[in-house]
Amino acid sequence: MLDIKKIRQNPDLIKELLSLRNPHYAKILNELLEIDKQYREKLIEKESLEAERNMLSKLVGEKKSKGENTDSERESLNSIKEKLKAINGLEPILAEKQQEFLLELPNIPSSDTPYGKDENDNKFIMEWGTKPSFSFQPLEHNDLGNANQELDFERGVKLSKSRFTVIAGKLAKLERALINFMLDKATENGYQEYSLPVIVNSDSLYGTGNLPKFKDDLFKIEGEELYLIPTAEVPLTNLHRNEILKEEQLPLRMTAYTPCFRSEAGSAGKDTRGIIRQHQFNKIELVILCKEEEAIAEHERLTNNAESILQALELPYRKVQLCAGDLGFSASKCYDLEVWFPSQEKYREISSCSWFSDFQARRTQIRFKRTDESGKSKNEFVHTINGSGLAVGRTLAAIMENYQTEDGEIIIPKALRPYLKQSSLV
RNA sequence: GGAGAGGUGGCUGAGUGGCUGAAAGCGGCUUCCUGCUAAGAAGUUGUACGGACUUAAAUCUGUACCGAGGGUUCGAAUCCCUCCCUCUCCGCCA
């Protein structure tokens with residue numbers, strides 16, 4: 001959520017910056033400003049009536065204790081009450097509307113975010129690793145996994161429905177090894193590990209911006225205001241919702257492994273083969289809360305932490321910076337890490353590392369007390385940063401494809417060998 | 001799930017209709033004092049949203065907030081209703 005005060009002070013600048021994402025935001029902003037004006041008029045009217053009421057009520061109390069007559073005060077109080085009733089029918093509606101418009105506006109892109117409309121305008125940053133060259137036609141991971149039913153798509157459907165997969169045997173062990181490896185790596189990099197609820201309430205989802213706009217992407221528990229998490233970003237970020245942190249606690253670096261649940265509404269027909277796009281998948285998430293002046297460095301750090309996992313696994317990847325048009329709703333700057341899939345000869349997203357400035361923190365009300373040299377302190381919103389480190393299913397698939405041999409074996413990356421007792425999977 | 005008790009400021013804990021944004025204590029901060037690793041004295045001490053002033057900060061001022069939401073009343077932390085949460089006992093259970 002953007003700061004309404006900043007919008008009031010600088011409407012034209014904000015309009016211009018939001019138009020970098022999409023020109024239609026200018027219209028929403030105009031509507032917001034109009035509603036905001038009306039809202040404040042009503043608020044002033046309401047508060048001055050309340051002030052008058054409080055004053056007169058006090059007077060009634062005093063007079064009554066002295067046994068004096070209070071009829072005239074009562075009369076004006078009753079008329080104030082009527083007026084207040086009328087305003088109370090209107091003011092909260094305007095407040096709510098103002099809030100709604102505010103929630104519809106996305107974050108402002110950072111100054112170094114490239115211009116552009118969609119993913120084709122994203123900026124290439126770097127490429128790492130050597131793409132494997134095969135003397136044979138490399139198979140897709142689903143074919144590799146299907147061979148001995150270690151990726152069991154049919155039974156996944158039997159148990160649940162499409163886009164659910166059973167992972168069995170050695171691949172299941174490999175997945176577990178990946179989870180442990182990634183969590184250990186995160187801990188080494190200074191993140192505190194958490195084990196979290198994967199069902200959360202709607203307040204938490206409003207906080208991270210999944211509600212109200214992206215309701216269709218979520219699985220909801222029937223009959224309750226509870227949802228399955230689409231990512232551990234939700235519980236991790238909300239851990240400190242409505243809290244005022246101590247300045248010396250920051251930066252706060254947190255990590256968690258959780259299953260993630262996404263309804264994938266609107267992606268029918270996309271990535272139907274394999275385990276690239278599932279309703280349920282495992283992910284290690286990295287979240288940082290920090291001060292504004294630390295944010296750029298922490299964002300780079302988190303991205304490097306995610307990259308270090310790909311590097312340790314020796315998986316070729318590239319790093320791109322998203323352009324304004326492709327930027328997620330809440331993000332102000334974002335790097336995507338894309339891992340190489342030889343069967344498709346394509347890079348596919350495996351981690352998205354975003355800096356949200358104070359956009360999420362304003363929604364979630366995560367603040368810290370900043371004390372200046374003179375000893376005065378003020379509450380300030382933290383900056384939030386997060387990214388995957390990494391998506392486990394996609395990493396598993398990438399390892400299968402990049403490390404396959406002609407006779408259908410999968411070589412285990414060196415970094416994972418301490419976690420498994422073998423150096424290849426058949 | 002059943003029965004009972006309860007939810008007040010950073011913490012402990014008063015407060016059952018008006019002078020309570022909230023006593024008292026603790027803690028925190030500021031200043032003073034004592035020649036020493038601590039004691040004492042005084043002051044101060046929440047959040048949000050408006051308004052005035054201002055380039056801004058500071059300041060002044062209004063409103064709201066005593067688990068959440070609604071209601072009664074001229075006036076509610078205090079009365080009523082709904083919900084949520086915590087504790088104790090019972091039941092169930094990995």
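Throughout, protein chains are lettered first and strands after them, A, B, ... in sequence-line order, and every chain is numbered starting at 1.
Taking 4.0 angstrom as the limit, A:Arg8 places a side-chain polar atom (N or O) nearer than this to OP1 or OP2 of B:G50. Considering only side-chain N and O atoms, A:Asn54 lies nowhere under 4.0 angstrom from the phosphate OP1 or OP2 of B:G18. For the OP1/OP2 pair of B:G18 and a distance below 4.0 Å, the side-chain nitrogens and oxygens of A:Lys58 include no atom meeting the criterion. At the phosphate of B:A64, OP1 or OP2 sits under 4.0 Å from a side-chain N or O atom of A:Arg53.
Where A:Glu52 and A:Lys85 meet RNA chain B, the nucleotide closest to each residue was compared, and A:Glu52 sits on the side nearer the 5' end. RNA chain B is contacted by both A:Ser57 and A:Arg74; A:Ser57 maps to the nucleotide lying nearer its 5′ end (nearest heavy atom per residue).
Rounded to an integer number of Å, the gap from A:Glu50 CD to B:U61 C1' is 15 Å. Between the P atom of B:A52 and the CG atom of A:Leu43 lies a distance of 13 Å, rounded to the nearest Å.
The A:Lys5 side chain lies nearest to B:G50 when the options are B:G62, B:C74, B:G50. Distances were taken from every side-chain heavy atom of A:Lys81 (C-beta onward) to each of B:G50, B:G18, B:U73; the shortest belongs to B:U73. When distances run from any side-chain atom of A:Arg40 to the nucleotides B:C49, B:A64, B:G51, the shortest one goes to B:G51.
For the C1' atoms, the distance linking B:C19 with B:U34 amounts to 41 Å, nearest Å.
Pairing for B:U54 is absent, with no Watson-Crick or G-U wobble pair whose two atom distances lie under 3.5 Å.
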Go through the steps to decide whether A:Asp184 and A:Tyr419 satisfy the test side chain to side chain donor-acceptor pair (under 3.5 Å), and finish with yes or no. CA-CA 11 Å; A:Asp184 287 350; A:Tyr419 293 85; 2.6 Å; yes
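A:Lys64 comes within 4.0 angstrom of a nucleotide base, judged by non-hydrogen atoms across all strands.
Between A:Phe359 and A:Phe329, the ring-plane angle classifies as perpendicular under the 30° and 60° cut-offs.
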Using nucleotides 44-47 of chain B, report all nitrogen or oxygen pairs with the protein that are shorter than 3.5 Å.
unit_1 : atom_1 : unit_2   : atom_2 : d
B:U47  : OP1    : A:Lys369 : NZ     : 3.4
B:U47  : OP1    : A:Asn379 : ND2    : 3.3
B:U47  : O3'    : A:Arg367 : NH1    : 3.0

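A:Lys369 pairs by the side chain to side chain donor-acceptor pair (under 3.5 Å) definition with A:Asn379, not counting sequence neighbours.
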